[in-house]
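Notes for the one structure printed next.
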2 protein chains.
Amino acid sequence: MANARDVAKAAGVSVSTVSRALVAPDQVSDATRRRVVEAAERLGYRPNPVARGLRLGRTHAVGLIVPDLENPYFASVTKGVQARARAEGYAVFVADTDEDASVEAELVAGLAARVDGLILASPRSDDATLLAAVEGSVAVLANRELDGLPSIALDDADGAAQVLGHLRALGHRRVAVAQGPSSSWSGNRRLAGLRAAAEQFGDVELVHLGSFRPYFSGGHVAADHAAASGATAVVAFNDLMALGILDRLRSRGVRVPQDLSVVGYDDVAVATLVSPALTTVHSPLSGLGRRAVDLLVGRLRGATGTSTTTHLPVELVIRGSTGVPAPVTTG
Amino acid sequence: MANARDVAKAAGVSVSTVSRALVAPDQVSDATRRRVVEAAERLGYRPNPVARGLRLGRTHAVGLIVPDLENPYFASVTKGVQARARAEGYAVFVADTDEDASVEAELVAGLAARVDGLILASPRSDDATLLAAVEGSVAVLANRELDGLPSIALDDADGAAQVLGHLRALGHRRVAVAQGPSSSWSGNRRLAGLRAAAEQFGDVELVHLGSFRPYFSGGHVAADHAAASGATAVVAFNDLMALGILDRLRSRGVRVPQDLSVVGYDDVAVATLVSPALTTVHSPLSGLGRRAVDLLVGRLRGATGTSTTTHLPVELVIRGSTGVPAPVTTG
DNA sequence: ACGAAGCGTGCAATCGTTTGCAGACTAGCG
DNA sequence: CGCTAGTCTGCAAACGATTGCACGCTTCGT
């Protein structure tokens with residue numbers, strides 16, 4: 001409400017002195033500074049961030065663009081971004097694309113002039129579109145790798161390898177894979193990780209069930225494919241899909257894990273709320289958000305390292321949905 | 001990147017004309033307007049929202065303050081707010097208080113000058129603090145009622161009444177209630193609704209188990225109390241708590257709904273992901289967010305109706321977790 | 001005692017836009 | 001042909017802060 005002029009008047013100084021007393025205290029005399037600070041406090045003065053943003057060209061705000069706020073994956077990322085950004089003195093604009101790649105560029109353009117930098121979480125646009133959209137802005141990616149933009153990602157391939165190692169150790173030799181959208185960058189990384197691990201083991205066969213929607217409903221569909229595949233375990237693209245698989249299997253009377261082991265990915269909170277609890281790959285999602293802010297803020301402060309990707313480690317957590325496969329009973 | 005001066009130069013006109021050509025097209029001649037629009041398009045000009053915000057005193061941004069973004073309840077509200085705000089041309093600042101009432105006022109103060117209006121979702125602060133914090137800003141409340149501020153809420157009392165009516169119709173006569181934090185405004189409204197309905201029926205007894213944390217973990221604790229209460233049904237403060245109750249009952253071998261019926265509240269997405277699926281009160285959460293934006297934008301456009309509360313209807317959805325109580329077997 | 005150095009303060013420009021005001025030019029009417 | 005009305009455009013102020021520059025005063029050294 002009160003602006004610098006009000007404070008200046010109250011303290012009997014000029015507006016410039018008010019500004020300096022607050023941002024460069026050593027440039028004003030002790031007596032003056034005290035008068036100004038006292039007046040500012042008494043009037044509840046806060047420098048207007050919009051005016052400051054215009055003058056300085058820095059708004060102290062960042063933008064976050066996510067595909068779906070209701071998806072617990074992005075809810076966690078958003079939480080992490082918000083927390084760290086606030087700690088660093090930045091306000092956060094958040095925009096939800098509703099999984100529609102075509103609105104991403106528009107959102108970037110709309111936010112660009114309002115923020116100092118942008119965080120794009122799992123953007124759905126293709127590489128060229130994305131690069132063109134962020135042209136002229138400072139941007140970092142979360143959960144996506146792209147030449148020319150710095151990014152934070154999870155070590156998806158390693159997580160997938162851990163999953164396959166776990167299943168193999170339990171005795172599984174035929175493992176079904178329920179993929180998500182083929183456009184999903186992290187999905188492809190996970191698949192590559194599974195393949196690499198399978199190849200390395202040599203004695204585990206992967207059965208590709210196809211692509212399914214990365215939600216509960218997609219899991220319902222995938223479950224029947226998995227049951228028909230002859231595999232003793234199924235690896236889902238993410239936890240939501242795995243939960244759908246569990247649900248469908250239960251209603252069909254397929255026992256988990258005796259008849260079929262099920263593995264998810266992400267370790268969203270819901271994974272522990274079902275029975276059997278879901279074996280999954282714990283992913284530090286809010287950490288991903290926090291690190292994205294760190295990376296962005298580093299850029300804004302002038303760090304100009306190479307635009308590389310940092311991979312955060314993930315960890316398999318074993319719960320009730322995986323177990324030793326039942327011995328094959330011959331008909 | 002390009003500003004009005006660049007466009008002016010390119011079109012051979014003054015900056016004022018550029019502005020007018022875009023915001024008040026009927027004030028410039030056809031020929032000039034075409035030249036300006038063409039130049040603006042060619043240069044990819046977008047009026048700088050920060051500068052415009054400074055000049056007009058309206059930033060075309062709104063702020064949303066929620067207790068916890070990871071809570072699916074608020075994730076849905078946030079999604080609704082974001083969607084409607086964007087449709088109305090507003091960008092959204094989002095801030096998460098981590099359930100800490102004491103940071104609410106600070107967040108409001110920090111955002112106040114950046115936004116045209118604020119939406120406070122389920123604020124935890126007490127009435128006086130809240131009113132003082134929003135002094136001087138345009139603010140609306142979601143899921144909280146407070147004299148002097150307009151708000152959108154859900155018809156909690158009616159939802160609770162529907163719950164009790166359902167249980168009574170099934171034959172339940174002794175119903176346990178697991179409350180959430182006593183500071184929860186909506187929790188108290190729900191409790192009041194249950195009490196009113198019980199009183200009206202006359203033949204249903206409510207057993208108060210106490211207050212529990214409104215999460216999965218709180219449900220674990222509440223479950224044992226419920227089992228010991230002699231009630232044939234338990235009503236939880238929200239879905240997360242109800243899921244915790246289900247989980248704990250299952251591990252204790254208590255059958256749902258034969259031995260004990262369980263009812264949640266909110267109908268978050270997870271409620272259908274468990275078995276038995278949760279009977280709960282479907283609450284239009286993203287609708288709540290959208291309506292909050294409508295209310296706020298109405299205020300910003302000058303509507304000055306009385307600061308009243310609108311209640312959105314809720315609807316009981318019956319799933320597998322409630323049923324007819326088993327006949328009492330005498331020892 | 002005079003000059004230089006240095007500290008503290010204010011003036012004014014600036015960021016990019018919008019908008020009141022006034023000037024210039026056209027057109028229309030008598 | 002002259003006056004008026006009206007249309008279009010530009011100038012300049014304004015929003016609220018930050019900051020380069022210059023000025024005035026004190027202080028110190030010689």
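Taking side-chain N and O atoms only, B:Thr17 has a distance below 4.0 Å to OP1 or OP2 of D:dG10. For the pair B:Asn3 and C:dG16, the criterion of a side-chain N or O lying under 4.0 Å from OP1 or OP2 is met. Contact check, A:Tyr45 against D:dG16: no side-chain N or O comes under 4.0 Å of OP1 or OP2.
Under 3.5 Å, the side chain of B:Arg20 and the base of D:dG10 form at least one donor-acceptor pair of N or O atoms. Counting atom types as modelled, B:Ser14 pairs no side-chain N or O with a base atom of D:dC11 as donor and acceptor under 3.5 Å.
Each of B:Ala51 and B:Arg35 has a nearest nucleotide on DNA chain D; the 5'-most of these lies closest to B:Arg35.
To the nearest angstrom, P of C:dG10 lies 15 Å from CZ of A:Arg5. Protein atom CG of B:Leu56 is 19 Å distant from nucleotide atom P of C:dC15, rounded to whole Å. The separation between B:Lys9 atom NZ and D:dT9 atom P is 20 Å, rounded to whole Å. For A:Arg33 and C:dC7, the CZ to C1' distance is 14 Å, given to the nearest whole Å. Between A:Asp30 atom CG and C:dC7 atom P the separation is 14 Å, expressed in whole Å. In this structure, A:Gln27 places its CD atom 19 Å from P of D:dC23, rounding to the nearest Å. Following rounding to the nearest Å, B:Asn48 (CG) and C:dC15 (C1') show an atom-to-atom distance of 9 Å. Here D:dT9 presents its C1' atom at 15 Å from CG of B:Leu22, a figure rounded to the nearest Å.
Among the protein residues, B:Val23 comes within range of the sugar-phosphate backbone only, with heavy atoms under 4.0 Å from sugar or phosphate atoms but none that close to a base. Using a 4.0 Å heavy-atom distance criterion, B:Val13 is classed as a sugar-phosphate-only contact. Using a 4.0 Å heavy-atom distance criterion, B:Arg46 is classed as a sugar-phosphate-only contact. Using a 4.0 Å heavy-atom cutoff across all strands shown, A:Ser29 reaches sugar-phosphate atoms only and no base atom.
Here the rule is side-chain contact (heavy atoms from CB on, under 4.5 Å) with A:Arg144, and of A:Ser151, A:Ser186, A:Pro123 only A:Pro123 fits it.
Salt bridge status for A:Glu106 with B:Arg86: absent, with no side-chain N to carboxylate O gap under 4.0 Å. Ion pairing of A:Arg42 with A:Glu38 is present here, as a side-chain N (NZ or NE/NH1/NH2) and a carboxylate O approach within less than 4.0 Å.
Closest contact between the side chain of B:Leu54 and the listed nucleotides C:dG10, C:dG16, C:dT17 involves C:dG16.
Under the 3.5 Å distance criterion, the side-chain polar atoms of B:Asp266 are left unmatched by any main-chain donor or acceptor of B:Val268. Between the B:Asp6 side chain and the B:Asn3 main chain, a donor and an acceptor come within less than 3.5 Å of each other.
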